[in-house]
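Remember, it's a predicted structure, so these values are computed and weren't measured experimentally. Every chain is numbered from 1 and lettered A, B, ... according to where its sequence line falls, protein lines coming before strand lines. Reckoned from all heavy atoms, side chains included, excluding hydrogens, waters and symmetry mates.
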Amino acid sequence: MGVYITLVLIDLITIINPQLIRWTIDQGIGTGDDSLLTLAVGGLLALILIKGVLTYYQGLWTEVASQSVAYDLRNALQRKITELSFSFHDQAEAGDLLSRAIQDVERVRFLTGRAIFRIIESVFLMIITAGVMIWMNPQLGLLAVLSMPLLIMRSIHFGRIFRPLSLQIQKQLAVLTTRVEQNLRGVRVVKTFAQEEAEIERFARENRKWYELSALSAKMQSNHMPLLNLIANLSSVVILLYGGTLVINQALTLGELVAFTTYVAQIVTPVRYLGMVLPAITIAGASAERVFEILDTAPLVTDEPDAPDLVVERGEVVFENVAFAYGRQAGVLKDISFVAKPRQVIALLGATGSGKTSVVNLIPRFYDPTAGRITIDGRDIHTVSLNSLRSQIGMVLQETTLFAASIRENLAFGRPQATQLEIETAAKDAQAHEFIMQLPDGYDTEVGERGRTLSGGQKQRLAIARALLTDPRILILDDATSSVDSETEHLIQVALERVMQGRTTFVIAHRLSTVHSADLILVLDKGRIAARGRHAELLQSSTLYAGIYHQQLKLGSARLETAKSGVTL
Amino acid sequence: MSFGIGVSGAGMGPRGAMESFAEGNGQRGQVYNPRVVRRMLVYLRPYTKMMALAFVAMLADSALTLLAPYLLKVTVDTYIAQGDQAGLVHISLWTAGTFSGIYLANRTQQYLLSLVGQRMLANIRRDLFYHLQELSLRYHDTHIVGVTVSRVMNDVATINDLLSQGIITLLGDVFVLAGIIVVMLTMNLQLALLTFTVLPLMLLVTLWFSRRARVAFRETRTSVAKVVGGLAEDIAGVRVIQAFGQEDTSQENFSAVNAVNRQANISAMSLSFIFLPAIEFLGILATAIVLWFGGRAVGTGTVTLGVLVAFLAYVTRFFNPVQELSRMFTTLQTAMAGGEQVVKLLDTVPDVLDQPEAIELTDVVGGVKFEHVSFRYRPELPEVLHDVCLEIQPGQTVALVGPTGAGKTSLGNLIARFYDVTAGAVLIDGIDVRTVKQRQLHRQIGLVPQDAFLFSGTIADNIRFGCPAATAEAVERAAKLANAHEFITAKPEGYETRIQEGASNLSVGQRQLVCIARAILTDPRILILDEATSNVDSLTESLIQDALRKLLQARTAVVIAHRLSTIRNADLICVVQDGQIVEQGKHQALLARAGVYAALYQRQFAE
């Protein structure tokens with residue numbers, strides 16, 4: 001409310017000032033009476049001082065309000081983004097989400113901040129100024145006000161034609177950004193394929209397109225403000241000409257004429273401001289749309305109202321006729337049914353795209369099945385709270401994501417209150433303690449952006465320790481030991497075996513050793529379970545399994561029996 | 001408050017109306033950095049003529065803007081006061097003409113400036129992009145992609161405010177200020193000097209503001225960078241956050257940096273809310289001085305009313321540029337910070353360069369030789385290769401095995417001359433790779449990268465990446481050889497399927513098959529395969545193996561692999577350990593030696 005009061009007061013002072021000057025010229029000067037002059041000048045200074053204080057508070061309040069809007073919007077976006085299901089993130093581009101949360105929110109903030117007050121202030125000032133001028137001298141006043149519709153129309157027209165162009169420029173900038181980003185991410189490929197010149201040519205093409213659009217916008221913009229000024233200035237010449245004639249004919253005092261010219265100049269400021277701000281508002285409107293598009297996206301996976309917490313005692317997982325599809329795509333999983341008994345190790349095997357990952361993604365409800373149901377200890381996971389469900393499930397995903405924090409914080413990610421002892425135990429079980437202690441700051445070593453400073457094998461062991469620390473009843477592993485040497489692979493293998501003990505474990509198997517020891521092997525083919533059983537049975541009964549197995553076996557025909565440890569490199 | 005007629009245009013487009021939003025890392029917050037300005041001025045040089053024209057327009061604009069209040073004085077003193085109706089019409093026409101002149105000059109100036117500005121931005125971006133292609137992997141290893149992107153896009157954008165708009169606006173303001181001072185002193189020395197007593201006060205206020213603002217606005221830049229960084233991480237790690245149910249913690253962390261950013265913005269803006277009214281107050285103080293002393297002088301007849309009115313108009317004009325300058329303060333600061341980063345990037349010297357007399361490398365047979373090669377990535381890092389000697393015959397397949405960090409990848413990188421050796425030499429067909437043109441060297445080399453990187457665009461675009469001119473048939477042939485044709489045609493859009501962000505619509509194995517097709521199409525003499533077979537199921541692996549077998553035929557190949565099964569058929573296996581080749585030979589021979597290789601092999605197949 002205080003803001004509106006400051007707004008009205010500031011406008012009033014702006015209106016009164018020219019009257020003071022008029023009064024000074026007409027009454028204070030030439031009469032030789034210094035006291036009147038002093039009074040006028042003193043009044044002028046006092047008013048401007050008050051205006052200054054008001055401006056400060058108005059600015060501060062609106063800034064606090066608008067910054068809080070940005071703060072709230074960003075918090076809401078961050079919350080939403082972390083809550084939206086995997087199907088959303090499969091489609092979304094990180095750069096796009098970021099630009100919505102940063103640039104678009106900033107544009108919306110601009111609209112909700114001082115801009116909105118200055119718009120009200122400007123409109124208010126224009127109306128009052130027009131009123132005062134007509135009151136002072138109806139004829140001259142109307143003449144002065146004539147320029148206003150002209151200025152406003154011109155501004156609105158400009159906004160209308162300028163907006164599509166500025167949106168186009170924004171889009172082209174995004175294209176440029178993507179080009180640079182892609183080029184940098186693929187720098188090794190670009191270099192080995194010697195495609196630098198083609199890349200430069202491609203960039204230059206988009207760059208030129210951007211320049212051409214910008215040049216067009218420069219042309220439009222460079223005419224806008226000078227034209228508004230010209231209209232206002234010519235109108236003041238008309239005032240001076242007609243008003244001067246009135247003064248000559250003694251129908252108007254000189255002070256009044258000076259006040260009039262001041263008012264005309266004063267009208268231009270708000271109109272100019274509106275002219276600038278209106279196109280920005282349309283842009284901010286588009287930004288707001290982009291922000292709310294995210295905020296209004298409903299997560300596909302949500303808690304049912306009053307969903308109770310899940311308590312896992314045994315850890316039995318049952319799939320009952322589960323089917324699943326991503327969006328409008330063809331079915332990924334069809335009629336999947338199986339029972340994972342407590343503490344069993346279930347190995348999932350199959351070609352790329354056969355649905356292994358989809359099966360395990362359904363257990364923590366990263367996606368919901370399109371048909372059938374999944375139960376844990378007899379309870380439909382759809383009916384329990386997401387948080388309690390996920391807290392019982394540990395995951396070691398194929399792509400290890402670490403955060404830019406210390407190793408300790410990364411390990412304790414799922415259980416921030418874990419003690420140092422617990423963290424170390426988990427790290428030891430995951431075969432990570434040793435290398436951590438060799439790092440310069442041990443557990444306090446900062447992990448750079450996405451764990452750049454660590455090797456693939458180290459990251460994977462940290463991920464295992466991180467999952468261990470939450471002591472989950474159900475464990476989901478992708479045993480792909482990507483890009484690690486055999487020594488590290490061995491360490492990871494040992495870690496995984498330790499981790500699986502006493503938990504129901506689902507393993508996306510890439511190695512025969514995993515398959516050998518599994519309690520149940522599910523062989524997936526095109527979204528269906530093509531065969532199931534233990535290794536020995538499957539070898540007999542399933543040609544698909546035997547095929548996969550022999551392929552590996554053929555490659556490893558010289559397989560030797562040796563101990564798993566004791567080899568030093 | 002503004003007094004008098006005539007409004008001069010301060011060039012602020014809709015973009016200017018948006019409060020400047022700084023993004024980037026914390027800088028020192030200088031408002032003027034001569035080195036940056038000098039470097040950037042180079043980009044203005046091609047447009048000297050346009051800038052000169054803009055300068056002339058600016059001079060005309062300033063002069064006409066100064067003339068307007070004088071015409072007002074003449075109007076009041078000479079015509080209105082003396083009741084000269086005809087003269088009034090006459091002078092009004094002159095005034096209208098002056099304003100039209102201002103319009104033309106202003107419009108020309110703004111048009112030229114923004115045109116030059118945009119063209120300059122395009123040129124700087126072009127040069128940066130070009131430079132990035134020249135920089136060696138050592139640069140790319142140590143710089144985060146997002147930051148470099150922001151150098152090319154955001155930092156460059158800020159420079160525009162500095163160069164085209166900034167310089168001319170500054171010059172224009174200085175001219176107007178100087179002009180006003182001269183005119184006022186000429187019109188009435190005493191009154192002018194009295195008015196100027198406000199100037200020292202203004203200087204003090206401005207100094208106070210600039211000192212504080214430098215710190216405050218720098219703070220806004222660093223804090224917003226943290227907001228961006230925090231959110232970027234949450235997005236990248238969203239799957240982990242959800243898997244561990246840590247939505248609340250991540251929100252807490254984010255809103256903490258978010259709150260710091262809010263406070264930094266409020267603090268910085270509060271400074272402006274003190275400064276701008278203070279300058280306005282000083283402006284009115286000057287007006288008051290003119291009114292009070294001038295008014296009394298009019299009373300005593302030493303000053304005419306017209307002079308008084310003109311003085312009032314000039315005083316307003318005097319304070320406009322000052323306010324303008326202070327508004328530009330933060331813009332300039334951001335521009336300098338951005339410019340600094342851009343200059344730094346442009347000045348980064350690529351450490352792998354073509355020699356001036358670099359020779360053409362054509363018709364490579366494919367012999368590769370390492371002669372006593374030692375290598376370290378950066379001077380401060382330990383050596384990764386010590387005195388490596390290795391000779392690969394044309395057409396041979398050589399497998400590099402050994403623990404992570406042993407130096408396998410480094411050997412591959414040195415063949416392609418992504419880095420230069422610290423000692424020794426790498427020869428291809430007996431020619432030192434440092435003496436040939438890099439791009440020609442690279443054309444002879446094919447790479448299947450470990451991460452199976454694909455660009456956005458269609459699958460076909462990706463396969464023809466190395467030969468943009470390849471026909472659809474050639475692309476298909478390569479895909480068939482790479483065993484990729486089948487899965488590609490199974491997709492609804494076939495070869496025109498667009499690769500999604502992170503290639504998430506292809507499996508890892510499929511991505512590798514596309515990468516192999518891409519390498520096949522360029523028909524390289526020397527092939528580097530970097531752990532290309534990890535992470536896939538056995539079926540896809542056998543497809544990949546089969547594709548690789550075709551790819552390796554009749555080429556020299558260096559395979560960096562961890563799966564020993566994939567390299568048993570290699571002509572030569574090198575065991576790399578601690579930066580040295582500790583064993584080499586054929587599979588059976590190495591097994592028989594019962595050394596490191598045998599141990600590695602046994603371990604792998606025991607599992």
Is B:E134 salt-bridged to B:R439, going by a charged N under 4.0 Å from an acidic O?
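Salt bridge flag = yes for B:R439 with B:E134.
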Which one, [options], leads in non-hydrogen pairs under 4.5 Å with chain B?
options: A:V238, A:T245, A:N387; value: A:T245
options: A:T178, A:L254, A:V53, A:I393; value: A:L254
options: A:L227, A:L184, A:N75; value: A:N75
options: A:L234, A:L386, A:V41, A:L97; value: A:V41
options: A:T55, A:V180, A:V264; value: A:V180
options: A:Y56, A:F366, A:F203; value: A:F203

Just by distance, no angles: are the side chains of A:Q67 and A:E63 close enough, under 3.5 Å, to form a donor-acceptor pair?
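Checked: A:Q67/A:E63 side chains pair up, N/O donor to acceptor below 3.5 Å.
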Does a side chain donor of either B:Y111 or B:R107 reach within less than 3.5 Å of an acceptor in the other side chain?
no
Atom group of [X] that falls short of 4.5 Å from chain A, counting heavy atoms:
X: B:F487; result: neither
X: B:V152; result: side chain
X: B:T522; result: side chain

Flag the one option from B:A278, B:G466, B:P277 with the top tally of heavy-atom pairs under 4.5 Å to chain A.
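So the answer, after comparing B:A278, B:G466, B:P277, is B:G466.
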As an exercise, state the distance from OG of A:S214 to CZ of B:R119, rounded to the nearest 0.5 Å.
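CZ of B:R119 is found 11.5 Å from OG of A:S214.
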Spacing of B:N258 atom CG and B:L231 atom CG [to the nearest 0.5 Å]:
9.0 Å
The criterion is salt bridge (charged side-chain N to carboxylate O under 4.0 Å, His left out); which residues satisfy it with A:R79, sequence neighbours excluded?
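Partners of A:R79 under the salt bridge (charged side-chain N to carboxylate O under 4.0 Å, His left out) test: A:E83, B:D248.
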Test of understanding: with salt bridge (charged side-chain N to carboxylate O under 4.0 Å, His left out), list the residues that count as partners of B:R126, not counting sequence neighbours.
none
Any chance CZ of A:F86 has more than 12 other-residue heavy atoms, nucleotides or ligands included, within less than 6.0 Å?
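Atom CZ in A:F86 is crowded, with more than 12 foreign heavy atoms closer than 6.0 Å.
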What part of A:P364 gets within 4.5 angstrom of chain B, counting heavy atoms only: side chain, backbone, both, or neither?
neither
